Amino acid sequence: MDYEYLIERYDRKTVSVMVHPQKGVIVKVNGEGRIKRRLFDMGLTPGAYVYLRKKAPLGDPIEITVRGYELTLRKSEADFVLMTMKENK
């Protein structure tokens, strides 16, 4: 499925700027080579829903729920994941 229309149509942010309890949908994973492959291997692919569980006081690390499991990312890794935010309900 092509998620490029979400990038153009809605506001987009990186996972690193999310605040608790925001939710969103991944629209693009930036980066090249090893880092992009690593993020894909962890399940951070376009179309995946993300929920911010916890964030350390200084913003690093970040704990999210994606595809039904908890994942902890460094802020530098989270900067590569571009998403659209969903309203909390």
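Owing to the predicted nature of the structure, the values given are computational and were not obtained by experimental measurement.
- Rounding to the nearest 0.5 Å gives a distance of 7.5 Å between CD1 of I64 and CE of M18.
- Y49 pairs by the side chain to side chain contact (heavy atoms under 4.5 Å, CB included) definition with V25, K86, not counting sequence neighbours.
- Checked against side chain to side chain contact (heavy atoms under 4.5 Å, CB included), R53 has the following partners two or more places apart in sequence or in another chain: Y51, E63, T65, E70.
- With rounding to the nearest 0.5 Å, the separation of CZ in F80 from CD in E32 is 9.0 Å.
- Atoms NE2 and CG, on H20 and L52 in that order, are 7.0 Å from each other to the nearest 0.5 Å.
- No side-chain heavy atom of T45 sits under 4.5 Å from any side-chain heavy atom of V29.
- The number of heavy atoms from other shown groups lying within 6.0 Å of CZ (R67) is above 12.
- By the criterion of side-chain heavy atoms lying less than 4.5 angstrom apart, applied directly or through intervening Ile, Leu, Val, Met, Phe, Trp or Tyr residues, F40 is grouped together with I35 in one hydrophobic cluster.
- Heavy-atom contacts from other residues, nucleotides or ligands closer than 6.0 Å to NZ of K36 number more than 12.
- Applying the side chain to side chain contact (heavy atoms under 4.5 Å, CB included) rule to K75 yields the partners S16, D60, D79; only residues at least two apart in sequence or on another chain are considered.
- The minimum heavy-atom distance linking T14 with A78 is given by the pair CB-O, 3.8 Å.
- Here the CD-CZ distance, from E77 to R38, works out to 4.5 Å after rounding to the nearest 0.5 Å.
- Counting all heavy atoms, side chain and backbone alike, G43 lies closest to V66 at O-CG2, 3.9 Å.
- Between V15 and L44, every side-chain heavy-atom pair lies at or beyond the 4.5 Å cut-off.
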